[in-house]
Every structure is written in structure tokens, then in C-alpha cells.
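All figures in this text were calculated on a predicted structure; none of them were measured in a lab.
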2 protein chains.
Amino acid sequence: MDDSDTRTKLLDAAEELFAEKGFAAASLRAITGRAGVNLAAVNYHFGSKEGLARAVVRRRLEPINRERMARFAAIRSGGRPDIREVLAAFVEPPFLSCGRDSRVPAFVAMISRAFAEPENVMQSHFFELMGPVWQEFLGLAAAALPDLGRDELFWRLNFVIGAMSHAMRCLDRLPPLEGFSAVSAPDILARLMPFITAGMEA
Amino acid sequence: MDDSDTRTKLLDAAEELFAEKGFAAASLRAITGRAGVNLAAVNYHFGSKEGLARAVVRRRLEPINRERMARFAAIRSGGRPDIREVLAAFVEPPFLSCGRDSRVPAFVAMISRAFAEPENVMQSHFFELMGPVWQEFLGLAAAALPDLGRDELFWRLNFVIGAMSHAMRCLDRLPPLEGFSAVSAPDILARLMPFITAGMEA
DNA sequence: GTCTATAACTAGATAGAC
DNA sequence: GTCTATCTAGTTATAGAC
């Protein structure tokens with residue numbers, strides 16, 4: 001599993017190119033070229049382009065979701081949850097994981113795009129992996145804000161996810177407005193949390 | 001310019017397929033097949049797939065942006081702007097335009113994805129068309145919230161855009177949580193406005 | 001303006017040697 | 001496990017008849 005491993009080189013190159021060009025536009029020839037491995041290695045190690053994409057998503061999303069679930073469990077073991085805590089448990093892990101590996105920002109931006117893209121192989125796998133996390137997030141948010149109607153809660157959490165995933169895309173490439181200082185993942189996170197907390201409590 | 005016009009049939013079919021599959025995955029064969037016109041008509045009328053994509057974006061985004069600019073001008077002619085008014089001038093037009101044509105929700109979702117997608121032909125055209133609108137939006141928001149630092153304002157507007165564009169994607173296809181009542185564009189808008197207003201004023 | 005036919009290219013996948 | 005060579009099928013784009 002070291003970096004010179006063909007499997008790992010393929011995962012790294014695919015992650016970069018899916019982030020840069022999207023799933024459909026990143027060809028296996030471009031991926032194997034960047035990885036410095038043979039074209040046929042994709043089918044040998046992952047079966048297909050789709051199998052490679054699923055492995056790319058799983059490699060980084062599973063640890064992030066494990067951390068989210070651990071934090072949800074910790075909140076559940078306390079008393080009535082605080083909405084700020086619940087939001088932080090969901091939102092912080094992807095941003096904080098950026099500090100552990102310089103490749104993570106590209107992945108985080110890519111997964112956010114996979115979420116936005118239509119009819120996509122990566123998207124369906126993403127939804128499978130997110131299912132249990134969603135359920136916990138929704139349940140704890142409802143416990144934290146018991147006076148909010150179910151539909152109102154649902155939509156507000158969707159707005160949280162929209163703001164978060166757009167912020168995640170900004171990790172990789174800033175939006176088209178210029179003249180602003182570049183910022184790190186913790187900086188964006190520090191600005192995002194008050195915004196979504198206020199929105200949830202509106 | 002009636003619906004039986006080849007140009008219009010192509011624009012409609014391309015809009016649908018770009019929304020369903022994304023730009024790269026929607027082939028000209030699929031588009032011309034759905035439109036019921038000949039494959040070569042794309043090059044005759046639009047020059048290339050890229051030209052078709054640009055025309056799809058322009059057709060609906062230009063009227064939406066004209067409405068935004070008119071509302072910004074109205075706000076400018078008053079006294080110190082209210083942040084709620086400024087946000088509404090930017091956010092409402094795409095949602096309200098959904099009521100005027102049943103094809104608009106698919107377009108609105110598509111344009112939001114084009115914004116999220118990387119290195120994309122549609123994205124570069126989208127940014128060109130949005131440039132002046134961005135500048136006005138940023139300037140008026142700064143006037144409405146003069147105590148907010150420039151970077152803080154910038155990031156909060158980005159969170160607004162994230163929440164809005166995710167909501168726009170929901171117009172076309174609901175997120176993976178089930179059991180919620182389907183809602184119309186005005187319903188989503190009515191829930192979105194208090195959320196982002198609270199976030200901006202946090 | 002619309003068609004057929006095809007050029008020129010790229011895609012993902014795989015067979016089989018090593 | 002890794003390579004070369006190739007297959008099959010898809011892509012955009014265009015030339016030229018009508």
C-alpha cells in the first residue's frame with residue numbers, strides 16, 4: 001500500500017483527474033498516463049472504470065463517515081443535543097481531514113461535485129455510503145430543534161449541505177471573484193459554522 | 001421561434017439531456033434523436049456541441065440576469081439597501097422563472113450543476129454572463145452590511161450561493177432522503193430566504 | 001435547410017505473450 | 001502483475017447531394 005504500488009498510483013491519479021475534469025471527461029488513458037502505469041492495469045485491479053471510481057470514493061469517504069458516526073454517537077450519549085454540536089459533527093470531518101493529506105482538498109471538491117452531478121456512477125456509490133450518516137444527522141438535528149416542523153428541518157439541512165458542499169468546492173479552486181485572500185480549510189470552516197448555525201436557528 | 005423550429009427543438013432537447021446526463025455524457029446523437037432532427041443540424045445551426053451548449057445557457061440565463069440587474073438598479077435608487085432585498089433580488093429570479101415555463105426547473109438544475117462542474121465549456125460561458133451580476137450583488141451587499149469585513153462578506157455570499165444552487169438542483173430531483181412532501185419552487189424559496197437572511201446577519 | 005454517408009478520432013475493455 | 005496489440009463501439013464534425 002505504499003505510494004509506488006500500482007493500485008495506489010491509480011487511485012491518486014484518478015482522484016486528481018476526476019476532480020479536474022469530472023467522471024465522464026477523465027479518460028482511462030489520461031489516468032494511466034498520469035499514474036505512469038499501463039492502461040490494462042485498470043481492468044486488472046479494479047475491473048472497470050466504474051470500479052476505479054467507486055474505489056476512489058470509498059478510500060476517503062469511509063474514514064470521514066466513521067468520524068462523523070463516532071461524533072454522532074458521542075452526542076447521543078449526552079443529554080438533549082445542541083444544534084451547533086450536531087452541525088459540527090457532520091460538517092467538520094471533511095474539512096479537518098484536509099490537514100492530514102495534501103491530496104484531500106481535491107478529493108473533497110470532487111466528491112462535492114459528484115453529489116451535484118446527475119446520473120453518475122460515483123453519485124450512486126456516494127449515496128450508498130452516505131445513507132446511515134444522513135439518518136443519524138437528521139435524527140439528531142430533529143432532537144436538537146424539536147419545535148421545527150419535519151419539512152422545515154429537512155429543507156434547512158439541505159441548505160446547510162448546499163453551503164457546505166459549495167465551500168468544499170472552493171477548497172480546490174476559488175470562485176470567479178478576485179481580490180480575496182486565499183484561505184485554508186480551517187478558515188473557511190470557521191466562517192461557515194456561524195452562518196449555518198444562524199440559519200438553522202432562524 | 002415556435003416549437004416546431006429545428007433550432008428550438010435542439011435547444012429544448014439539449015437542455016433536457018445536459019440536465020439529465022451532464023455536458024460530456026450527453027451525446028449529439030442522443031440530443032438530435034430526442035429533438036427528432038438530423039445529426040448534422042447541430043453543426044448547421046450552432047457550429048459545434050460547444051456552440052449549442054452556450055446557446056442553451058444564454059437563452060434562459062440572460063432574461064434571469066436582466067431581471068436581477070433591474071432589481072439591483074431599483075435598490076440602488078433608494079436609500080441604504082436592506083440585505084433581505086439584496087438577497088431577494090439575486091435569489092428569486094431563477095425560482096420565479098420556473099412558473100413561466102415547465103422546462104425551466106430542468107434548466108435551473110442544469111445551470112447549477114454547470115457552476116459546480118470543473119473545466120467545462122458551459123461553466124466558462126456561465127461565468128462570463130454572471131460577471132456583472134456578481135459585481136452588483138457584492139457591491140449592494142457591502143452597502144447593506146457595512147460593518148462586515150470584505151472577506152467575511154465574500155464568504156457569506158458564497159454560502160448563500162451554495163445553499164441557493166443546491167436548492168436549485170432540488171427542483172429537478174429530490175435529494176436521497178425519502179418521506180418528504182414534494183414542493184414547488186415558491187415553497188423552496190419561502191424556506192430559503194429566512195435561512196440565508198439569518199446567515200448573513202449572524 | 002435538411003439529408004446521407006463517412007471521415008477522423010477517441011473511448012473502454014480484453015486476449016494473450018511474457 | 002504487467003505488457004503490447006487490438007477489438008468494438010462510440011464520439012464530433014463535415015463534405016456534398018438534394
Whole-Å distance, A:K49 NZ to D:dG10 P, equals 16 Å

Donor-acceptor check, side chain of B:E67 to backbone of B:P93, threshold 3.5 angstrom: yes or no? no

_Side-chain donor-acceptor contact under 3.5 Å, A:S112 with A:R169_ = yes

So, with a heavy-atom separation below 4.0 Å from DNA chain D, the residues of residues 13-27 of chain B are B:A26, B:S27

Are side-chain heavy atoms of A:F115 and A:I161 found at a separation under 4.5 Å?
yes

Contacts satisfying salt bridge (charged side-chain N to carboxylate O under 4.0 Å, His left out) that involve residues 38-56 of chain B (not counting sequence neighbours) are B:R54-B:E128

In DNA chain C, stems of three or more consecutive pairs, Watson-Crick or G-U, each with both distances under 3.5 Å, turn out to be C:1-10 with D:9-18, C:12-18 with D:1-7

Between CG of A:L52 and P of C:dA11 the distance, given in whole Å, is 15 Å

Of all heavy-atom pairs linking A:C98 and A:V108, the shortest is SG-CG2, 4.2 Å

Heavy-atom nearest pair, B:A53 first then B:M122, reads CB-CG, 3.6 Å

Name every donor-acceptor pair, under 3.5 Å, that has one atom in a side chain of residues 26-33 of chain A and the other anywhere in the protein, sequence neighbours excluded.
unit_1	atom_1	unit_2	atom_2	d
A:S27	OG	A:A30	N	3.1
A:T32	OG1	A:L28	O	2.8
A:T32	OG1	A:R29	O	3.3

Rounded to whole Å, CG of A:L28 lies from C1' of D:dG10 at a distance of 14 Å

Q: Mark yes or no: B:R156 above the aromatic ring of A:F195, with NZ or CZ under 6.0 Å from the six-membered ring centre and no more than 45 degrees from the axis.
A: no

What N/O pairs connect the protein and nucleotides 14-18 of chain C at under 3.5 Å? Give each pair on its own line.
none

Residues 188-202 of chain A vs salt bridge (charged side-chain N to carboxylate O under 4.0 Å, His left out), sequence neighbours excluded, gives A:R191-B:E152

Rounded to whole Å, CZ of A:R29 lies from P of D:dA5 at a distance of 14 Å

Original post:
Is any side-chain nitrogen or oxygen of B:T6 closer than 4.0 Å to OP1 or OP2 of C:dG1?
Top reply: no

Worksheet item: Any Lys/Arg nitrogen of B:E15 or B:K21 sitting under 4.0 Å from an Asp/Glu carboxylate oxygen of the other?
Response: no

Between A:R113 and A:D172, is any pair of side-chain heavy atoms under 4.5 Å apart? yes

To the nearest angstrom, the CG-P distance between B:L10 and D:dA13 comes to 13 Å

When rounded to whole Å, the CG to P distance for the pair B:D5 and C:dT2 reads 8 Å

In whole angstroms, the gap separating P of C:dG12 from CZ of A:F46 amounts to 15 Å

